[in-house]
Amino acid sequence: MTAADLPPRASLARRAWRFSLELWDVLRRPSSVFSLGVLVLAGFVAGVIFWGGFNTALELTNTEKFCTGCHEMRDNVAAELKSTIHFSNRSGVRASCPDCHVPHEWTHKIARKMQASKEVWGKIFGTIDTREKFLDHRLELALHEWSRFKANDSLECRNCHSAESMDITRQSPRAADAHQRFLFTSEKTCIDCHKGIAHKLPDMQGVPGWQ
């Protein structure tokens with residue numbers, strides 16, 4: 001008996017269950033039309049297409065153009081970035097949004113993308129859709145990002161900067177001393193001392209360790 005042979009009085013759930021069993025029976029039987037080689041090749045091609053599409057979509061969401069596609073980012077933090085040395089400098093090397101907010105390593109990048117997906121809800125519900133709302137939430141947003149940097153040892157900073165490649169002889173005495181005492185010993189991480197280098201600081205009153 002097939003799903004089509006069931007009497008009209010049969011419940012929808014029973015029909016769905018019978019159909020599922022029949023479908024599974026078809027899927028687990030060897031193909032009588034296509035050879036194993038064809039099926040393997042088709043699976044390989046489908047996997048390549050899926051993987052290529054996935055990575056293409058991932059990289060499209062990892063560009064400055066995508067990040068500044070909404071006015072919340074374009075009119076607030078992105079506008080502030082343009083006045084900093086990370087955007088325009090004598091060397092011509094620019095740090096874009098994903099350079100500072102998305103790790104380069106694939107596994108860390110995927111984890112960050114999954115974490116950032118909840119920000120879509122903020123867009124849907126208009127959490128910071130005006131300048132006033134953004135300023136009201138600025139400290140909260142900054143604290144979240146600083147905590148994330150602290151937890152991953154400023155991994156995004158290390159996309160471009162590394163202690164191993166630092167030539168402290170070319171730094172100011174104050175910077176060289178701080179890096180030797182805190183960064184090289186792993187007592188502190190980049191974000192502990194370098195808040196507000198790409199965006200304006202919120203009102204820091206009450207922030208622990210801030211003077």
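Position 1 is the first residue of the sequence, and the numbers go up from there.
- Both L41 and I49 belong to a single network of hydrophobic side chains, linked directly or stepwise wherever heavy atoms of I, L, V, M, F, W or Y lie under 4.5 Å apart.
- Of all non-hydrogen atoms in T84 and L81, the two that sit nearest each other are OG1-O, 2.8 Å.
- No donor-acceptor pair closer than 3.5 Å links the side chain of D153 to the backbone N or O of L155.
- By the salt bridge (Lys or Arg N to Asp or Glu O under 4.0 Å) test, K200 is found to be paired with no residue, residues two or more places apart in sequence or in another chain being considered.
- The shortest distance between side-chain heavy atoms of F149 and C190 does not fall below 4.5 Å.
- Separation of atoms OG1 (T189) and CG (N152) is listed at 7.5 Å; rounding is to 0.5 Å.
- With E156 as reference, R148 is the one residue of H161, H104, R148 to meet the side chain to side chain donor-acceptor pair (under 3.5 Å) rule.
- Counting all heavy atoms, side chain and backbone alike, L58 lies closest to T61 at O-OG1, 2.7 Å.
- In the hydrophobic clustering of this structure, F54 groups with M114; members are Ile, Leu, Val, Met, Phe, Trp, Tyr whose side-chain heavy atoms approach within less than 4.5 Å, directly or through other members.
- Using a cutoff of 4.0 Å between basic side-chain nitrogens and carboxylate oxygens, E145 and K195 are not scored as salt-bridged.
- The closest donor-acceptor contact from the side chain of N159 to the backbone of V102 lies under 3.5 Å.
- To the nearest 0.5 Å, the span separating CG on L201 from CZ on R138 amounts to 8.0 Å.
- Hydrophobic clustering, with ILVMFWY side chains joined whenever heavy atoms are under 4.5 angstrom apart, groups V207 together with I191.
- A distance-only check finds no donor-acceptor pair linking the side chain of H86 to the backbone of A95 [under 3.5 Å].
- Contact of the M73 side chain with the K123 side chain is not registered, since no non-hydrogen atoms from C-beta on lie closer than 4.5 Å.
- Panel note: side chain H179, backbone A175; a donor-acceptor pair is recorded below 3.5 Å.
- Each of R131, H199, H71 was evaluated against N76; a single residue qualifies, R131, per the side chain to side chain donor-acceptor pair (under 3.5 Å) test.
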Problem set entry | Worked verdict on F184 versus I168 for side-chain contact (heavy atoms from CB on, under 4.5 Å) | CA-CA 11 Å; F184 296 170; I168 61 173; 3.7 Å; yes
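- The CD atom of Q171 sits 10.5 Å away from the CG atom of D177 when rounded to the nearest 0.5 Å.
- Across C67 and C70, no two heavy atoms sit closer than the pair O-SG, 4.3 Å.
- Q115 CD: more than 12 foreign heavy atoms inside a 6.0 Å radius.
- Checked for salt-bridge contact, D99 and R94 miss the test: no charged N lies under 4.0 Å from a carboxylate O.
- Rounded to the nearest 0.5 angstrom, F87 CZ and E64 CD are separated by 6.0 Å.
- Taking each heavy atom of R158 and L183 in turn, the nearest pair found is NH2-CD1, 3.9 Å.
- Both F125 and V120 are members of a single hydrophobic cluster when ILVMFWY side chains are connected at heavy-atom separations under 4.5 Å.
- Contact of the R15 side chain with the R18 side chain is not registered, since no non-hydrogen atoms from C-beta on lie closer than 4.5 Å.
- Linking Ile, Leu, Val, Met, Phe, Trp and Tyr whenever their side-chain heavy atoms come within less than 4.5 Å leaves W121 and L141 in two separate clusters.
- Every salt bridge (Lys or Arg N to Asp or Glu O under 4.0 Å) that K133 has, sequence neighbours left out, goes to D129.
- Annotation for L135: atom CG counts as buried by contact number, over 12 foreign heavy atoms lying within 6.0 Å.
- Once rounded to the nearest 0.5 Å, the distance linking NZ of K109 with CG of N62 reads 5.0 Å.
- I128 CD1 to E72 CD: the interatomic distance, rounded to the nearest 0.5 Å, is 5.5 Å.
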